[in-house]
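All values derive from a computational prediction rather than experimental measurement. The first residue in the sequence is number 1, and the count goes up from there.
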Amino acid sequence: MPSARISNPNAEEVSTINAIPVLNDNIIWVWSKGTQAVVVDPAVSEPVKNWLVSKDLTLIAVLQTHHHDDHIGGTKELLNYWPKAEVIASGADRERIPLQTISVKDGDQICLLGTNLLVIEVPGHTKFHIAYYLSFKNSKNQSPALFCGDTLFAAGCGRIFEGTAEEMYLSLNRLSKLPDETRIYCAHEYTESNLRWASSIKPENLVIQKRLKDIVELRKKGSLSLPSKIEEEKLTNLFLLAKNSREFGELRLNKDTWSS
């Protein structure tokens, strides 16, 4: 079982998860507690470094969900500034995520910021994609959290680059079984586009139509649509509603070729 060489903050302190929007639509998530912080999929370094320094936070770990450059591109420079920070990633993908210091696999648990982090393998988008689940069992006021990279999006899912439709379908099905109150911290702001597509497929679905209307208004105000919740996705995400891998594959192909 892997272990992180870090100190734990005061148990009474509350965790926060903040978003740093970068590039066109990437979201870098910063999970912090006390004076320590964990960064998820840093596409770039400068905005992250500036944000952490402004909050007097010390980076103790970087979580990598997969190897794409818009998820690991800022890691090296962050390590130059915080050389003691751990890099947690799939051990099976060490060649493509070479900076990892703690290699993990499905089912591994690591204690970060006083909270157990569960590793879930979710192949499909890439061969060795992983997600991280925080149950926050010791906190009565915090909902569970899922850092899922490019596997599950709000009202959508990632493209299939290295896996198969069957693998992605099973990965999404696995995530859909997490507690309904689980907050989904995915890596891209795609919600409005995903809902416009879903609305074109299911124009009679009033729940999807209502969510689309709400998200459009939210985005007009300049607010993020994330995080989402598992409960919401099970009602409005067509990929989670697919009855089998064949239906899922047809939906994924339709989305791949769809133009708004």
Side-chain angles (χ1 to χ4, degrees), residues 17-29 40-44 47 65-66 68-71 73 122-126 129 131 145-165 167-169 171-173 175-176 178 182-243 245 247-260:
I17 301 176
N18 291 278
I20 302 178
V22 298
L23 305 178
N24 292 327
D25 48 46
N26 280 71
I27 306 296
I28 299 173
W29 296 104
V40 185
D41 285 350
V44 292
T65 62
H66 63 294
H68 287 162
D69 192 58
D70 66 326
H71 292 257
V122 282
H125 180 67
T126 65
H129 199 301
L146 176 71
F147 297 118
C148 51
D150 286 359
T151 295
L152 175 62
F153 293 131
C157 74
R159 288 176 178 263
I160 301 172
F161 289 127
E162 297 178 359
T164 65
E167 286 177 321
M168 183 64 108
Y169 173 76
S171 292
L172 292 173
N173 187 261
L175 295 182
S176 74
L178 293 173
T182 302
R183 294 186 180 273
I184 301 165
Y185 295 90
C186 56
H188 292 275
E189 176 59 79
Y190 289 159
T191 315
E192 183 176 342
S193 174
N194 286 338
L195 286 168
R196 290 191 184 280
W197 167 74
S199 178
S200 73
I201 299 292
K202 298 286 186 179
E204 76 289 352
N205 188 313
L206 299 182
V207 180
I208 290 176
Q209 302 300 330
K210 173 64 165 56
R211 187 181 182 190
L212 173 58
K213 180 180 178 181
D214 291 344
I215 293 299
V216 168
E217 292 302 314
L218 193 67
R219 296 296 289 151
K220 282 181 180 179
K221 297 174 183 177
S223 300
L224 288 176
S225 68
L226 305 169
S228 176
K229 284 188 176 182
I230 290 290
E231 181 179 28
E232 190 171 30
E233 295 310 311
K234 286 161 70 173
L235 294 174
T236 57
N237 191 320
L238 296 188
F239 295 113
L240 294 191
L241 292 170
K243 296 180 178 63
S245 61
E247 182 178 324
F248 166 82
E250 291 173 352
L251 287 168
R252 186 61 263 178
L253 181 60
N254 184 290
K255 181 64 166 61
D256 288 345
T257 57
W258 177 76
S259 177
S260 58

Would N237 and L152 count as a side chain to side chain contact (heavy atoms under 4.5 Å, CB included) if you check the C-alpha gap in whole Å, the side-chain angles of each, and the deciding distance to 0.1 Å?
CA-CA 10 Å; N237 191 320; L152 175 62; 3.6 Å; yes
Side-chain heavy-atom pair I160, D256 within 4.5 angstrom cut-off:
no
Do Y185 and I17 touch side chain to side chain, with heavy atoms closer than 4.5 Å?
yes
Could you walk me through whether W258 and I201 satisfy the side chain to side chain contact (heavy atoms under 4.5 Å, CB included) test, starting with their C-alpha distance in whole Å, then the side-chain angles of each, then the deciding distance to 0.1 Å, before giving a yes or no?
CA-CA 10 Å; W258 177 76; I201 299 292; over 6 Å; no
Can you confirm whether S228 sits close enough to R211 that some side-chain heavy atom of one is under 4.5 Å from a side-chain heavy atom of the other?
yes
So, for A165 and G249, which heavy atoms are closest and what is the spacing to 0.1 Å?
CB-CA, 4.0 Å
Under 3.5 Å, side chain of Y169 to main-chain N/O of K243, donor-acceptor pair present?
yes
Quick check for you: to the nearest 0.5 Å, what is the distance between L172 atom CG and E233 atom CD?
10.0 Å
Can you measure from CD1 (I215) to OG (S193) and round to the nearest 0.5 angstrom?
12.5 Å
Heavy-atom donor-acceptor pair, R252 side chain to C157 backbone, under 3.5 Å
yes
What heavy-atom pair brings G149 and D41 nearest, and what distance separates the two atoms?
CA-OD2, 3.9 Å
Side chains of R219 and K221 in contact at under 4.5 Å (non-hydrogen atoms):
no
Heavy-atom side-chain proximity of E231 to T182 below 4.5 angstrom
no
Nearest atoms (heavy-atom pairs only) where L224 meets L218
O-CD2, 3.2 Å
Between R196 and E192, does the salt bridge (Lys or Arg N to Asp or Glu O under 4.0 Å) criterion hold? Intermediate values first, please.
CA-CA 6 Å; R196 290 191 184 280; E192 183 176 342; 2.8 Å; yes
Does a donor on one side chain and an acceptor on the other come within less than 3.5 Å for S225 and E189?
yes
Is the side chain of N26 donor-acceptor paired with the backbone N or O of D70 at a distance under 3.5 Å, no angle test?
yes
Out of curiosity, L212 CG to T191 OG1, how far, rounded to the nearest 0.5 Å?
10.5 Å
First locate atom OH of Y190, then atom CD1 of I27, and finally report the distance between them rounded to the nearest 0.5 Å.
10.0 Å
S171 to P123 - nearest heavy-atom pair and separation:
OG-O, 2.8 Å
Looking at K255, I want to see if its NZ is surrounded by more than 12 non-hydrogen atoms of other residues, nucleotides or ligands under 6.0 Å.
yes
Test your reading of the model: is there a side-chain donor-acceptor pair from Q209 to the backbone of P203, 3.5 Å cut-off?
yes
Any heavy-atom pair between the side chains of W29 and L226 that's under 4.5 Å?
yes
Please tell me if the side chains of L206 and K210 come closer than 4.5 Å, counting only heavy atoms from C-beta onward.
no
Testing H71, H129, H68 for side chain to side chain donor-acceptor pair (under 3.5 Å) with D150, which one passes?
H71
Under a 3.5 Å distance rule, please check whether E162 uses its side chain to pair with a backbone N or O of G124 as donor and acceptor.
no
Side chain to side chain contact (heavy atoms under 4.5 Å, CB included) between W197 and L251: does it pass, once the steps are laid out?
CA-CA 10 Å; W197 167 74; L251 287 168; 4.1 Å; yes
Any chance you could measure L238, atom CG, to E250, atom CD, to the nearest 0.5 Å?
13.0 Å
Give the minimum heavy-atom separation between A43 and I28, together with the two atoms involved.
N-CD1, 3.6 Å
Report the distance from atom OG of S199 to atom CG of N194, rounding to the nearest 0.5 Å.
12.5 Å
Minimum heavy-atom separation for L240 to K234, with atom names?
CD1-N, 4.2 Å
H66 vs H125 aromatic rings, parallel, tilted or perpendicular, using cut-offs 30° and 60°?
perpendicular
